[in-house]
Amino acid sequence: MFKNNLRIAIRQLTKNRTYALLNILGLAIGIAASLLIYRILRYELSFNQNFSNSERIVRVLTKTTGSENGDQTSRGLPIPGMAAIEQSISQFAHSTRLHEDWPTITIPKAGGGPPLKKISISQSEISFFAEPGFVKIFDLTWLAGNPETALNEVGDIVLTRRVAEFCFGKVENALEKTVVMNNNVPCIVRGVIEDLPSNCDFPIFTLASYETLRAYASLYFFREEEWGSISSNDQFFALLQDKNQFSAASSAMAQVGQHELNERKKKRNLHTSFVLQSLGDMHYDEEVGSAGTHTISWSRLWVLGTIGLLVLLMACFNFINLATALSTMRAREVGVRKALGSNRNSLIAQFMTETSLIVAFSLAVGVGLAFVCAPLLKHISDVPDTQPFLSDPILWLFLAVIGVLVTLLSGFYPSLVLSGFSPIKALRSNLTTAKGGGVSLRKILVVSQFTIAQALIIGAVVTISQLNYIREMDLGFNKDLVLTTRFNADSIGLTKLATMKQRLLQLPKVEYVSFSSDLPASGNTWSSNFNIDRRPEEPDFHTSVKLCDEDYQKTFGLEMLAGHWFTASDTVKEYVVNETMCRKLGMAPEEIVGKVFRLGGQSWFPIVGVVKDFHSHSLHEEYEALTLLPNKTFYSGIGIKIRPGDISGTTNAIRSVYDETFPEQVFESEFFDESIANFYESESRFSDFCKGIAALAILIGCLGLFGLATHAAARRTKEIGVRKVLGASVGNITGLLTRDFLALVLLAILIATPLAYYFMDKWLSDFVFRIDMKWWMFAMACSGAVLVAFFTVSFQSLKAALANPVNSLRTE
Amino acid sequence: MIELKDIERYFQTGSLKTYVLRYVTAKILEGEFVSIMGPSGAGKSTLLNIIGMLEEPTAGEYWFLGEGVHKFNERRRAEMYREYIGFVFQAYHLIDDLTVYENLEAPLIYKKVPSAERKSRIADLLDRFNIVAKKDLFPNQLSGGQQQLVGIARALIGRPKLILADEPTGNLQSQQAEEIMSIFQQLNKEEGVTIIQVTHSEENAGYGNRILNLKDGKIDA
Ligand SMILES: Nc1ncnc2c1ncn2[C@@H]1O[C@H](COP(=O)(O)OP(=O)(O)O)[C@@H](O)[C@H]1O
Ligand SMILES: [Mg+2]
């Protein structure tokens with residue numbers, strides 16, 4: 001019975017080849033797209049699950065509420081706050097302070113001279129100074145060494161496999177060897193751990209003991225007693241004794257350090273406190289961020305998931321539509337079969353066999369497509385090629401569910417309708433009357449499908465415009481032709497900076513050279529309390545801080561609004577603040593110049609200039625109050641403004657100056673505009689993703705329309721023939737066939753436009769700097785859809801209109 | 001009005017040519033009522049289709065109102081249907097989605113007849129064929145005879161000079177057939193419409209004034 005059904009099913013499909021092909025292709029594309037999106041979601045949702053205690057791991061954040069800019073949360077904590085937390089929270093089984101660092105590791109040559117080997121941390125990695133609690137909280141895979149004692153003493157360091165193998169060839173050779181961190185800190189390798197997986201927000205390069213940080217406090221500008229200074233480099237993680245203690249620990253946490261955190265701001269309702277966040281939420285907190293390569297907000301994940309679902313839904317509607325459309329052509333066959341004694345159930349079985357066959361084909365093609373396209377994902381997402389795909393059991397479950405659902409939905413309806421026909425009716429009816437109730441369902445499906453497509457296209461147009469706007473926005477600084485590189489310098493190294501600058505400036509193409517702690521746009525945050533004009537109470541907001549030298553303004557092309565940049569000095573003698581600082585203090589730029597200013601608890605110095613706002617962090621954020629000051633000991637970056645022409649020659653010349661100044665360090669340079677581009681990579685990828693989705697929406701929509709137009713033309717051949725002998729022109733016939741579809745597409749546009757407007761308005765409101773939705777975005781999306789739909793449909797209609805009517809009019 | 005010269009028509013199946021019409025030469029004058037007769041498969045429908053410009057002969061010449069039909073393109077043919085030719089089919093071929101009224105209106109819309117005139121013309125014909133009460137019904141709500149009345153009304157509504165009817169009464173009972181034939185006769189006599197019909201029945205052929213006998217693809221004189 002089944003074999004017989006299958007044979008007939010295969011015959012049916014080969015007979016209706018175009019239909020089968022369209023159907024398989026449409027569904028396969030939808031399935032492939034949703035599988036790829038599933039892959040992204042699966043990857044992002046798998047973050048930090050590699051730690052067996054992940055449900056009990058928490059981190060502490062510093063949160064300030066009541067400011068007019070909304071709540072502000074940082075992953076950085078004041079160091080004395082950590083001590084207070086350790087003393088007051090009883091629910092923590094283990095805890096660790098962390099200090100982020102980006103070290104260079106060298107193997108010193110016995111007796112001095114250039115090191116035997118050197119390796120620098122890459123952009124996507126992180127190193128920590130960590131307490132012994134770290135290894136209790138995060139279960140790392142230990143390849144060598146004793147985890148219990150590996151981070152106890154000054155100079156203890158743990159390497160990852162990659163670093164150990166680079167330095168010593170084999171993991172086993174690394175133990176108890178000496179390496180030098182940051183060219184200054186001699187360390188002994190106490191352990192080697194396995195490299196961490198990519199879906200983990202701890203892409204560790206090396207771990208050094210916290211005692212090392214304390215011992216080299218001055219090198220790392222580490223001050224244990226400052227409550228007012230909060231740096232995102234200093235973080236705190238802990239392991240709950242029991243995951244159910246989260247709320248108890250949270251309420252205890254709310255009390256910690258209340259006096260110290262809030263003593264300076266008695267004004268208004270501004271309030272700072274420590275809050276607990278579970279590890280499970282870390283990867284999805286875009287505001288706070290993590291030490292990992294990226295975070296992704298829940299809303300972004302929801303958008304992705306919804307898009308995946310919508311595309312799949314479109315493809316399914318499409319499929320159901322084509323399947324029901326075709327089945328109505330078989331009313332006569334059903335009548336004959338029934339007259340021959342076939343019962344309803346066997347007819348249903350026949351139809352279901354056909355449907356499931358075609359669904360199975362589509363699934364196979366879809367998986368194949370997804371598999372082939374999977375490597376392309378890295379251009380639009382963070383998913384690495386190593387992410388398992390076909391070996392993921394949930395993927396197969398997902399496929400099975402899609403398969404069963406689509407088969408039932410698209411097979412059951414037509415088979416019920418058709419098998420329910422009375423044989424006389426089915427036999428007597430000519431093709432047109434057999435359409436029965438199917439027509440309204442089909443119209444609903446076409447409209448829904450096009451509504452989805454239209455909404456996706458509008459969404460894509462708005463998203464792409466917004467992201468372009470962000471990328472092309474005036475950043476407030478000049479990012480072109482600035483070469484940047486980093487260095488690690490101890491006090492001896494710092495003495496070489498002046499000579500280095502002189503030598504660089506002697507190069508013909510070098511215009512300006514500037515040393516600083518940070519580039520104008522960087523992800524680092526360092527904020528501090530401050531006072532101005534010896535006010536009795538400090539202002540109730542923090543200022544971001546950037547440390548830089550006297551040439552920073554010229555190198556990065558910052559614009560002055562009042563006063564001048566500070567003059568050359570190794571330590572702070574003068575301050576420059578930004579426009580937002582003036583605005584928040586309610587003072588004019590001219591007014592603020594000359595006022596005395598104090599950062600944290602340091603000495604008072606005058607403000608000498610006001611710089612125009614530039615983007616110091618992500619473009620998602622508003623401008624922050626910013627203070628710029630010189631402090632040579634913090635410098636770790638070089639910006640070199642060069643003149644156009646012979647860029648590679650200049651870069652080489654700069655490299656040789658660098659190598660001579662810091663022979664033990666690795667010269668790694670990047671043009672500033674490239675690093676800015678990296679900074680907005682996620683935006684630019686998302687923009688590409690949207691383009692792809694829009695194209696897909698159009699493609700699937702058109703496949704569906706094409707199929708339906710083919711079907712409509714076939715269903716109406718007789719009518720077309722009759723109309724032609726009544727004198728209808730080709731234009732008349734094409735119009736007749738096209739009009740119906742265009743009406744549906746227009747209806748879809750009518751529904752989709754306000755929906756898309758509503759959701760895109762919500763999406764845009766997340767951006768501080770955003771575009772207004774313009775009528776042309778909608779017009780563009782709509783006219784695009786109408787045009788494409790028109791061409792798709794009229795191709796088939798024109799073919800039908802040009803056909804010779806004689807065949808359809810013969811009566812034999 | 002119609003001049004056929006050595007019309008030949010074959011169908012090619014593989015390398016095999018099956019001749020349906022051969023050396024068909026005929027002249028039909030304006031105002032004639034011609035019946036084409038012959039056994040089943042003789043090529044009657046094919047000949048009528050050629051006259052109706054639905055098919056092209058594989059050889060021979062066809063002149064319609066002094067013009068060579070072989071020069072006609074798609075647009076000119078549509079023009080012919082609008083201006084000169086009305087078809088009546090054995091299977092009626094009404095448009096199922098349209099009411100009787102709308103079926104009658106369709107050719108007038110293609111002729112770009114203004115709406116007021118459309119109304120009066122349709123009202124006239126409905127009245128003349130006694131089907132006013134049916135005007136809002138769909139074809140499948142009518143009997144075969146009624147459908148064919150609508151079919152003829154539709155062929156007439158554009159006021160053609162030539163009516164081509166392929167076994168118009170083939171599906172009808174004799175009483176209905178008589179009614180249809182007398183309508184044809186009346187049209188031919190009173191309005192001078194040229195009629196060419198295909199029929200099997202001697203009786204029906206009797207309504208006309210000339211018979212073309214088709215046998216083995218040739219016309220028996
Ligand atoms: N498209 C076609 N292909 C092949 N043979 C055809 C085609 N149309 C008609 N014929 C053949 O031409 C012959 C004449 O057909 P037709 O003109 O319909 O005959 P009649 O109307 O006299 O019964 C028949 O034998 C028929 O099989
Ligand atoms: Mg015939």
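The figures here come from the full heavy-atom set of this structure, side chains too, leaving out hydrogens, waters and symmetry mates.
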Do other residues, nucleotides or ligands put more than 12 heavy atoms under 6.0 Å from the [atom1] atom of [X]?
| X | atom1 | answer |
| --- | --- | --- |
| B:Lys111 | NZ | yes |
| B:Arg75 | CZ | no |
| B:Phe64 | CZ | yes |
| B:Tyr101 | OH | yes |
| B:Phe11 | CZ | yes |
| B:Glu117 | CD | yes |
| A:Phe790 | CZ | no |

Close approach to chain A in residues 168-176 of chain B, criterion heavy atom under 4.5 Å:
none
What heavy-atom pair brings [X] and [Y] nearest, and what distance separates the two atoms?
| X | Y | answer |
| --- | --- | --- |
| B:Ala78 | A:Ala728 | CB-O, 3.9 Å |
| A:Ala801 | B:Glu74 | O-OE2, 4.2 Å |
| B:Tyr110 | A:Asn732 | CD2-OD1, 3.2 Å |
| B:Phe89 | A:Val725 | CZ-CG2, 3.8 Å |

From CA spacing to verdict: side chain to side chain contact (heavy atoms under 4.5 Å, CB included), A:Lys718, B:Asp96:
CA-CA 10 Å; A:Lys718 196 195 81 176; B:Asp96 300 301; 3.6 Å; yes
Min side-chain heavy-atom separation B:Leu54-A:Lys724 under 4.5 Å
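A side-chain contact is absent here, since even the closest heavy-atom pair is not under 4.5 Å.
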Look at B:Glu79, B:Met53, B:Arg154, B:Glu83 and state which one has the largest set of heavy-atom pairs under 4.5 Å with chain A.
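Heavy-atom pair counts peak at B:Arg154.
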Spacing of B:His93 atom NE2 and A:Leu726 atom CG [to the nearest 0.5 Å]
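Here the rounded value is 11.5 Å.
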Between B:Leu94 and chain A, with a heavy-atom cut-off of 4.5 Å, which part of the residue counts as in contact: side chain, backbone, both or neither?
backbone
